Enquirer: 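Dropping a structure here in structure tokens format, bear with me for questions.
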Amino acid sequence: MHELAGFTRHEQKAPPLFKTKALSFQYPDGRQALQGIDLAIYPGDRVALAGVNGSGKSTLAKHLIGLLSPTSGDCFYKERPLSGDTLTHVRREVGILFQDPDDHLFCNTIYDDIAFGPMNLGCGPKEVKRRVEKALSDVDLEKLAYRQPHTLSLGQKKRAAFAAVIAMQPDVLILDEPTANLDPKQKVIFQKLLQRFSGTLICISHFLPFVHSLCKRAVVMAEGRIHHDFSLNELIAHQEALREHGLDHTFRFNCCGSGDHHHHTDHSHPKSPRAPLNKKSTQHDRASLIRMRNYSFEYPDRSQALHTIDITIHHGESVAIVGENGAGKTTLASCLMGILRGRGEYLFQGNPVSDSLRKRLWQHIGMVFQDSSDQIFCPSCEEEVRFGPEQMQLEKEEIKKRLEDSLRLTGLKGYEKRVPLHLSGGERKRLAIAAAYSMLPPLLILDEPTANLDPESEKLLISILNDLDITKIVISHDMSFIAHCCERTLVMDQGRIVKDSKTAEFLGDNQLVSLNMLDYTYKNICAHG
């Protein structure tokens with residue numbers, strides 16, 4: 001890695017809002033997360049905090065608001081040490097949006113979650129009501145105000161969590177990957193809200209084109225240290241820094257919105273342990289793997305999640321499912337997995353999915369959740385990958401072979417004894433893929449696989465998926481990712497499939513926004529901007 005860049009000196013008359021001196025932090029397992037951080041953030045600053053997964057960005061943000069205490073060094077807010085009464089002021093004046101919206105939502109309804117902050121600030125009933133209704137309107141969730149949080153999609157939860165933050169009217173906003181899991185329409189809503197925000201903004205994001213219209217200053221972290229601190233325009237113009245810090249997004253420009261979904265990545269890791277699939281070699285390759293006819297699903301609260309779904313997915317296909325948050329994409333995946341049971345015809349490999357088959361679908365359909373931490377529970381990576389084959393009661397030699405093949409395929413060879421929850425977000429995503437693939441399922445479903453991934457991790461994931469010789473269903477809002485990985489795209493809107501086309505045709509359609517008010521070319525527009 002290149003040497004640390006000399007920091008730009010920001011001329012400021014006002015004292016710093018946040019300041020750290022030689023800040024270092026070590027986790028209980030001995031992992032060094034922060035090393036000698038010297039940073040000053042001033043009132044009105046709009047800072048993009050960038051860096052690859054595991055570089056220390058979220059850990060630093062938690063120190064700024066006092067959620068973590070330094071192992072050594074100091075952290076100040078308005079020139080006062082972060083302790084005692086100062087912590088009270090920080091929590092009244094600084095709003096933070098975590099990566100996982102479930103960290104914010106704990107009440108019976110979304111309305112109650114948003115009202116919780118203003119009520120604890122001592123606001124009266126009328127003021128609480130006003131703030132809640134405005135926040136709901138800002139994030140376009142008025143119709144879901146009295147829904148239980150756990151019934152929402154992850155993107156809807158993200159918006160609800162943001163509403164809970166802005167209802168407290170903070171002077172400072174710290175946002176950790178704010179657009180992860182959001183559809184293009186909601187990304188635009190977030191962007192416009194943040195553009196109107198007049199206070200201090202710290203935005204942790206891998207997607208620099210998004211923060212370009214929001215932030216003037218860029219702080220780049222690597223291995224727990226600050227490597228660059230200069231204007232965002234300087235960073236974007238510094239191609240060497242972008243490449244060496246894994247922030248180069250130019251691979252997106254080759255495909256997004258162009259209709260070209262050929263591979264543009266270097267396959268630097270081993271190929272799949274199984275023979276490549278030749279889709280034209282036999283009739284079986286194009287046989288039906290999944291077939292649904294007139295399939296619907298209704299939640300216990302009587303909300304209709306899926307309406308008359310008619311789809312056929314063939315062996316060897318790579319299919320993308322897109323649509324706005326709450327369109328029914330994850331619900332459809334849960335029905336395919338047998339986790340949820342709807343009404344209508346569902347055939348898997350030509351067989352009706354009866355109750356007995358539904359109980360065995362886990363052996364045939366691998367699933368990678370939006371949040372990989374939801375499916376990782378073993379104390380080591382080796383045990384995580386071995387778990388599925390062991391439940392299938394395979395021979396020890398076969399389990400060993402599948403473990404080695406899966407770790408090699410996902411670039412995790414040598415990680416056998418690592419603790420999964422100590423891995424970076426990108427590494428956990430690859431571990432979840434390895435665990436699913438170790439059972440050699442004919443179908444792999446990935447739900448928002450690129451959420452929270454830095455560009456280098458995303459490129460590696462594209463390469464890995466293109467090497468898998470199995471049927472894949474990818475739920476994603478990331479059009480460039482879909483262009484690289486999927487030959488066919490299904491568009492969902494309000495529980496229905498409204499378009500089914502080749503991905504090249506889908507990306508080449510200039511009228512995509514007319515399908516359900518989603519601008520699918522949003523990221524491409526941002527990138528070129």
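Small disclaimer: the values here were computed from a predicted structure and weren't measured. Along the sequence shown, the residues carry numbers beginning at 1.
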Enquirer: Kindly give the heavy-atom pair with the smallest separation between E345 and Y295, and that separation in Å.
Expert: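 For E345 and Y295, the tightest heavy-atom pair comes out as O-CD1, 3.9 Å.
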Enquirer: Please give me the minimum heavy-atom distance between I309 and G495, naming the atom from each residue.
Expert: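 Heavy atoms of I309 and G495 come nearest at CD1-O, 3.4 Å.
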Enquirer: Looking at every heavy atom in both I482 and S476, which two are closest together, and how far apart are they?
Expert: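 Result for this residue pair: CD1-O, 3.8 Å.
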Enquirer: Taking the side chain as every heavy atom from C-beta outward, state whether L412 and L431 have any atom pair closer than 4.5 Å.
Expert: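 They are in contact (side-chain heavy atoms under 4.5 Å apart), so the answer is yes.
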Enquirer: Are S296 and N294 linked by a side-chain donor-acceptor pair shorter than 3.5 Å?
Expert: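 The answer is no; no qualifying pair exists.
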Enquirer: Which is it for S463 and N466 under the side chain to side chain donor-acceptor pair (under 3.5 Å) test, yes or no, and what are the steps along the way?
Expert: CA-CA 5 Å; S463 183; N466 285 335; over 6 Å; no
Enquirer: Can you confirm whether L152 sits close enough to L144 that some side-chain heavy atom of one is under 4.5 Å from a side-chain heavy atom of the other?
Expert: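 Yes; the side chains approach each other to less than 4.5 Å.
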Enquirer: Does E395 CD have over 12 foreign heavy atoms under 6.0 Å away?
Expert: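 No, not enclosed.
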Enquirer: For T471 and G316, indicate whether the former's side chain and the latter's backbone hold a donor-acceptor pair under 3.5 Å.
Expert: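 Yes; judged by distance alone, with no hydrogens or angles, the pair exists.
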Enquirer: Which pairs count as salt bridge (charged side-chain N to carboxylate O under 4.0 Å, His left out) when at least one residue sits in residues 355-365, sequence neighbours excluded?
Expert: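 Those involving residues 355-365 are R341-D355, D355-R358.
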Enquirer: Quick one: pull up CD in Q393 and CD1 in I399 and give me the separation to the nearest 0.5 Å.
Expert: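 Rounded to the nearest 0.5 Å, the CD-CD1 separation comes out at 9.5 Å.
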Enquirer: For T489 and T503: C-alpha separation, side-chain torsions, deciding distance, then whether side chain to side chain donor-acceptor pair (under 3.5 Å) applies.
Expert: CA-CA 5 Å; T489 297; T503 298; 2.9 Å; yes
Enquirer: Decide yes or no for P449 and L461: does some side-chain heavy atom of the first lie under 4.5 Å from some side-chain heavy atom of the second?
Expert: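 In contact.
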Enquirer: Just by modelled atom types, is the S153 backbone N or O under 3.5 Å from a matching donor or acceptor in the Q156 side chain?
Expert: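 Present.
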Enquirer: Distance-only, no hydrogens or angles: does the E487 side chain make a donor-acceptor pair with backbone N or O of S318 under 3.5 Å?
Expert: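 It does hold such a pair.
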Enquirer: Ignoring hydrogens, what is the shortest heavy-atom contact between I470 and P442? Give both atom names and the distance.
Expert: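 Answer, listing the atom of I470 first, then P442: CB-O, 3.9 Å.
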Enquirer: Less than 4.0 Å between a side-chain N and a carboxylate O, is that true for R302 and E298?
Expert: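 Answer for the salt bridge query: yes.
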Enquirer: Is the shortest heavy-atom distance from the side chain of P389 to the side chain of M439 under 4.5 Å?
Expert: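 Contact flag for P389/M439 side chains = yes.
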Enquirer: Would you indicate whether the side-chain heavy atoms of I445 and I365 approach each other to under 4.5 Å?
Expert: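 Yes, close enough: below the 4.5 Å cut-off.
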Enquirer: Should we count CG of N108 as having more than 12 external heavy atoms under 6.0 Å?
Expert: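 No.
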Enquirer: Considering all heavy atoms of both residues, which atom of A434 and which atom of T410 are nearest to each other, and what is their separation?
Expert: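 Looking at all heavy atoms of both residues, the closest pair is CB-OG1, 3.6 Å.
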Enquirer: Let me see the working for F297 and H307 under side chain to side chain contact (heavy atoms under 4.5 Å, CB included), right down to the final yes or no.
Expert: CA-CA 7 Å; F297 178 79; H307 302 264; over 6 Å; no
Enquirer: Do any N or O atoms from the side chain of Y346 and from the backbone of L336 form a donor-acceptor pair under 3.5 angstrom?
Expert: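 Between the backbone of L336 and the side chain of Y346 there is a qualifying donor-acceptor contact (under 3.5 Å).
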Enquirer: Would you compute the distance between atom CD1 of I475 and atom CE of M367 and round it to the nearest 0.5 angstrom?
Expert: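 Going from CD1 on I475 over to CE on M367, the span is 5.5 Å.
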Enquirer: Roughly how far, to the nearest 0.5 Å, is the CD atom of Q349 from the NE2 atom of H315?
Expert: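 One gets 5.0 Å once the value is rounded to the nearest 0.5 Å.
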Enquirer: Tell me if a side-chain donor or acceptor on D374 pairs with a main-chain N or O of F369 at a distance below 3.5 Å.
Expert: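 Side chain of D374 to backbone of F369, a donor-acceptor pair under 3.5 Å: no, none is there.
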Enquirer: Check E317, E505, H314 against R488 for a side chain to side chain donor-acceptor pair (under 3.5 Å) and give me the one that passes.
Expert: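 The passing option is E317.
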Enquirer: Could you tell me the separation between the CG atom of L465 and the OH atom of Y437, rounded to the nearest 0.5 Å?
Expert: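 L465 CG to Y437 OH: 11.5 Å, rounded to 0.5 Å.
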Enquirer: Do F190 and F210 pass the ring-ring contact (aromatic ring centres under 6.0 Å, His included) test, and can you show the C-alpha distance, the side-chain angles, and the key distance before you say yes or no?
Expert: CA-CA 10 Å; F190 260 60; F210 171 78; 7.9 Å; no
Enquirer: Y415 vs S380, test: side chain to side chain donor-acceptor pair (under 3.5 Å). Steps then yes/no.
Expert: CA-CA 9 Å; Y415 280 59; S380 71; over 6 Å; no
Enquirer: Which pairs pass ring-ring contact (aromatic ring centres under 6.0 Å, His included) with one or both residues in residues 370-390, sequence neighbours excluded?
Expert: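 Every pair satisfying ring-ring contact (aromatic ring centres under 6.0 Å, His included) with a residue in residues 370-390: F377-F387.
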Enquirer: Checking the side chain of E384 only, and the main-chain atoms of C378 only, is there a donor and an acceptor separated by less than 3.5 Å?
Expert: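 Yes; at least one donor-acceptor contact below 3.5 Å.
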Enquirer: Please tabulate, for the side chains in residues 132-139, all donor-acceptor contacts under 3.5 angstrom to protein atoms that are two or more places apart in sequence or on a different chain.
Expert:
from : atom 1 : to   : atom 2 : distance (Å)
E133 : OE2    : K129 : NZ     : 2.6
K134 : NZ     : D138 : OD2    : 3.1

Enquirer: Does anything in residues 421-434 pair up under salt bridge (charged side-chain N to carboxylate O under 4.0 Å, His left out), and if so which pairs, sequence neighbours excluded?
Expert: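 Qualifying pairs: none.
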Enquirer: Is the shortest heavy-atom distance from the side chain of T450 to the side chain of H477 under 4.5 Å?
Expert: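 Not in contact.
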Enquirer: Kindly determine whether I174 and L97 satisfy side chain to side chain contact (heavy atoms under 4.5 Å, CB included), including the steps that lead there.
Expert: CA-CA 6 Å; I174 301 177; L97 179 69; over 6 Å; no
Enquirer: Which is it for D371 and E448 under the side chain to side chain contact (heavy atoms under 4.5 Å, CB included) test, yes or no, and what are the steps along the way?
Expert: CA-CA 9 Å; D371 184 353; E448 293 294 350; over 6 Å; no
Enquirer: Which residue, I321, I497, V319, forms the side chain to side chain contact (heavy atoms under 4.5 Å, CB included) with I311?
Expert: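 Checked I321, I497, V319 against I311; only one passes side chain to side chain contact (heavy atoms under 4.5 Å, CB included): I497.
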Enquirer: Grab the two heavy atoms, one from R293 and one from D310, that are nearest each other, plus how far apart they are.
Expert: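 Smallest interatomic distance, heavy atoms only, reads CA-OD1, 3.0 Å.
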Enquirer: Looking at K413 and L409, would you say the former's side chain and the latter's main chain have a donor-acceptor pair under 3.5 Å?
Expert: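 Absent.
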Enquirer: Under the 3.5 angstrom rule, does the side chain of S406 hit a backbone N or O of L403 as a donor-acceptor pair?
Expert: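 Here the side-chain-to-backbone pair does not exist.
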Enquirer: Side chains of residues 327-334: which donor-acceptor partners sit under 3.5 Å, not counting sequence neighbours?
Expert:
from : atom 1 : to   : atom 2 : distance (Å)
K329 : NZ     : G323 : O      : 3.0
K329 : NZ     : E324 : O      : 3.1
T330 : OG1    : Q370 : NE2    : 3.3
T330 : OG1    : D447 : OD2    : 2.8
T331 : OG1    : Y299 : OH     : 2.8
S334 : OG     : T330 : O      : 3.1

Enquirer: At what distance, to the nearest 0.5 angstrom, does CZ of R159 lie from CG of N325?
Expert: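 If we round to the nearest 0.5 Å, R159:CZ and N325:CG are 5.5 Å apart.
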Enquirer: May I ask you to test the C381-L423 pair for a side-chain heavy-atom distance under 4.5 Å?
Expert: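 Sidechains of L423 and C381: in contact.
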Enquirer: Report the distance from atom CD1 of I313 to atom CG of L490, rounding to the nearest 0.5 Å.
Expert: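 Separation between the atoms: 6.5 Å.
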Enquirer: Begin with the C-alpha distance, continue with both residues' side-chain angles, and end with the deciding distance and a verdict on side chain to side chain donor-acceptor pair (under 3.5 Å) for T151 and Q148.
Expert: CA-CA 6 Å; T151 65; Q148 295 175 324; 5.6 Å; no
Enquirer: Are C335 and L306 packed together at the side-chain level, in the sense that at least one heavy-atom pair is separated by less than 4.5 angstrom?
Expert: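 Sidechains of L306 and C335: in contact.
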Enquirer: Run the ring pair (Phe, Tyr, Trp, His ring centres under 6.0 Å) test against F98 and tell me which residues pass, sequence neighbours left out.
Expert: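 By the ring pair (Phe, Tyr, Trp, His ring centres under 6.0 Å) rule, F98 matches H104.
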Enquirer: What I want to find out is whether R402 reaches E398 closely enough, with some N-O distance under 4.0 Å, to be called a salt bridge.
Expert: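 Salt bridge between R402 and E398, a charged N being under 4.0 Å from a carboxylate O: yes.
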